[in-house]
Amino acid sequence: MRFERWVGKGDLCALVMTAALAAGCGGRSGTTGVDETSTGTETGTGTDTTAVDETSSGEPETSTTETASASETGTGESTTTGEPGETDTDSTTGMPPVECGNGVVEAGEGCDNGADNGDGKACKADCTPNVCGDGAVGPGEGCDDGNGRDGDACTNACAVPECGDGVAGLMEECDDGNGVDTDACTNACTSATCGDGLVQDVVGEECDDEANNGPTAACTAACKQAVCGDGFVQDGVEACDLGKDNGPGQECLAGCVLNVCGDGDRSPSEACDDGGTEPGDGCNAACELEACGNGVLDAGEACDDGDADNDDACTTLCKPATCGDGFTQGSAGEACDLGPDNKDTGDCTLGCQLPTCGDGLVWDNHEQCDDGPKNGDEAWCKSDCTDNVCGDGFKAPDEECDDANQSNDDACTTVCKNAACGDGFVQAGEECDEGDANAEDAACTNICQQAECGDGLVLAGVEECDDGNPIDTDACVQCQTATCGDGFLRMDTEQCDDGNAVAGDGCDATCKLELGAQVKLTGLGVAVPDGTYKGQLAQMACVNLNVNNANKVADVTLQVGITHTWVGDLVFKLVSPDNKVLTVMSRPGNTEPLDDGVSGSGGDSSNISKDFPVLFRDGGLKNAELMGNTLADGATVCQADGACDYFPNHGAGPGLSFADFDGIAAKGTWKFCAGDRAGSDAGTIDSVTLTLTLMP
């Protein structure tokens, strides 16, 4: 494309909306005068005209013309009667105007309660029913935010959230709505936790004394009943508790009572305990050996060096020093010695060494694991001798990730898997995620988007089709298969569709016009003169459309198939047999002060293709001035944006709308003309279909 033209066209983007608003304000006028010539380049001349009861042929081989008329019956009598001017009607539809608020439910209104209409009433101010989800608080609704979410300040039932309604609100941790305090969610809508004063056996609690829970209380900090052997000393009940170390020969006996001198059970701190106080029997009242330490090897003694040093070869128990004798012999390399309490899971190992993380031994109540040199922050046992579990911030061998949080909205889920569509969690960019239930034909698609009409996927049980576009004139309309009588005009097979099968109303049960004419030309290949348009029909390529029906026009639609680059160069005009001109489209994307093909610059850089014809009608969905406005350079109108249905915008050209032709005689030669205001971007007219609804 031309570089200098591209720059000029881009400068006018800011003017597009202003032009669209100005064009939309034009009213219908009676007759528009034309000071233009009617001698345009007519390379598509000659048509065949076919009425209901007559047929003729004989036209050039480059075009095919078909005309249908139903204004005549077999008897030559009109099938419709009535005098003009009997009732007030809308100037474009011929129907009485609809008035919201008159108390009468009319076409297009869901309700009408007259003066009682209002946004807080059963019928809103725009004559639509006030229903839950429409964003307006109506009768019987506590709120209505219209957003379809249950977790905010208004539920999907249009009620203000409250504890016990079964929906977890913004200020609630949970809400199961069941009135039970002992399950996972309390009646205060808080999650069950140890210390809340409620005994939740579903989470393994045996008791719960709230702030009174503690290691010395009847209910421990873990909400377990205090028992002898649990390792906690219960105030006023137990004298000691070494857990599984309670028992004979230990500091704490099986009944959680202290092992004291004189009870007949020698504790680790006693040299002897014969249960008596008699002297001379080898064990005195202080549970000390009477003979050992006197320097004499007495019966039952292995040694006796007569000193109090236990870091030598003979202990004060008159036994050879050894690991496990209860005395720490540093000279022998011992770091500790708890005697019979030495164990590889205790505070002193069987090798009389202090336990350390990394020694390969699991230290009770201190370490969760210890794999020795295999410890590591990405190993099963971390470097601090705790188990590597999901949520600790360290990635275990069986984890894909671990971000140490409870959020499923980031890159790592709470099950330590990388966030992905199909994991069952809704992350950023996803509208839904049902895990394995995601599917192309499910409510949540396999790309984690909510199924909706127009996404190109057919939702099972809901949609009959989905062609991925919003076009209501093709084979799939609002995700239902287009059929005659559905009220949508299917341009490739139907001449009309009034939404019923009633005969005599202008459109028959097969969606053919009962009172109308249609001329369809295809395969034209008429070249649009490149860069010649200066505001005159003579500078445009024109195609003749011959109509052989004398009835007066009630409505006009026009479909054109044109291949051309840079749609912003194009001007389309329709000329009636009496030389009335309507400018259907005038250089989209460009605000031109005059219809001279010179003033203004730029225009939309999208393309148009004969394979994607566009429809022009007064009830079109999009302003012709905005054609291609959402597309990138070179994208094709209708194909890329689904916008194929337009209402006219005359720009600076003559005419206002197709209603300009209402009441004129249909018979004669109509012309469709296309002009190009700048060079370098060329194209051809391939097909034109003119459809006239006629008056009886």
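Quick note: residue numbers are just sequence positions, from 1. Just the heavy atoms: all of them, side chains too, but no hydrogens, waters or symmetry mates, feed the values below.
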For the Cys pair [X] and [Y], is the SG-SG distance shorter than 2.5 Å?
X	Y	result
C348	C336	yes
C385	C369	no
C416	C401	no
C252	C240	yes

Requested in this report: Among N113, N117, V105, find the one that has a side chain to side chain contact (heavy atoms under 4.5 Å, CB included) with C127.
Outcome: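 Among N113, N117, V105, the one meeting side chain to side chain contact (heavy atoms under 4.5 Å, CB included) with C127 is N117.
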
Requested in this report: May I ask you to say whether D274 pairs ionically with R266, meaning some side-chain N is under 4.0 Å from a carboxylate O?
Outcome: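 Salt bridge: no.
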
Report task. Please confirm whether the backbone N or O of T316 pairs with a side-chain atom of N310, one donor and one acceptor, at under 3.5 Å? Result ->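 Yes, N310 side chain to T316 backbone: donor-acceptor pair under 3.5 Å.
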
Report task. Evaluate whether atom NZ of K224 has more than 12 neighbouring non-hydrogen atoms of other residues, nucleotides or ligands under 6.0 angstrom away. Result ->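 Yes, the 6.0 Å shell around NZ holds more than 12 heavy atoms from other groups.
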
Report task. Assess whether atom CG of D398 is packed by more than 12 heavy atoms of other residues, nucleotides or ligands within 6.0 Å. Result ->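 Atom CG in D398 is crowded, with more than 12 foreign heavy atoms closer than 6.0 Å.
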
Query - Student check: side-chain heavy atoms of D152 and D145 closer than 4.5 Å - result: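 Counting from C-beta outward, D152 and D145 do come under 4.5 Å.
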
Query raised in the report: Going by heavy atoms in the side chains, are D370 and D359 under 4.5 Å from each other?
Result: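 Touching, per the 4.5 Å side-chain cut-off.
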
Requested in this report: Could you name each residue pair satisfying side-chain hydrogen bond (donor to acceptor under 3.5 Å, both in side chains) that touches residues 210-220, not counting sequence neighbours?
Outcome: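 Residue pairs with at least one partner in residues 210-220: D208-N213, T216-D235.
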
Query raised in the report: To the nearest 0.5 Å, how far apart are CG in D377 and NZ in K395?
Result: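 One finds 12.0 Å between CG of D377 and NZ of K395.
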
Query raised in the report: Of all residues at least two apart in sequence or in a different chain, which pass the side chain to side chain contact (heavy atoms under 4.5 Å, CB included) check with T128?
Result: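 Side chain to side chain contact (heavy atoms under 4.5 Å, CB included) check on T128 returns K124, D126.
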
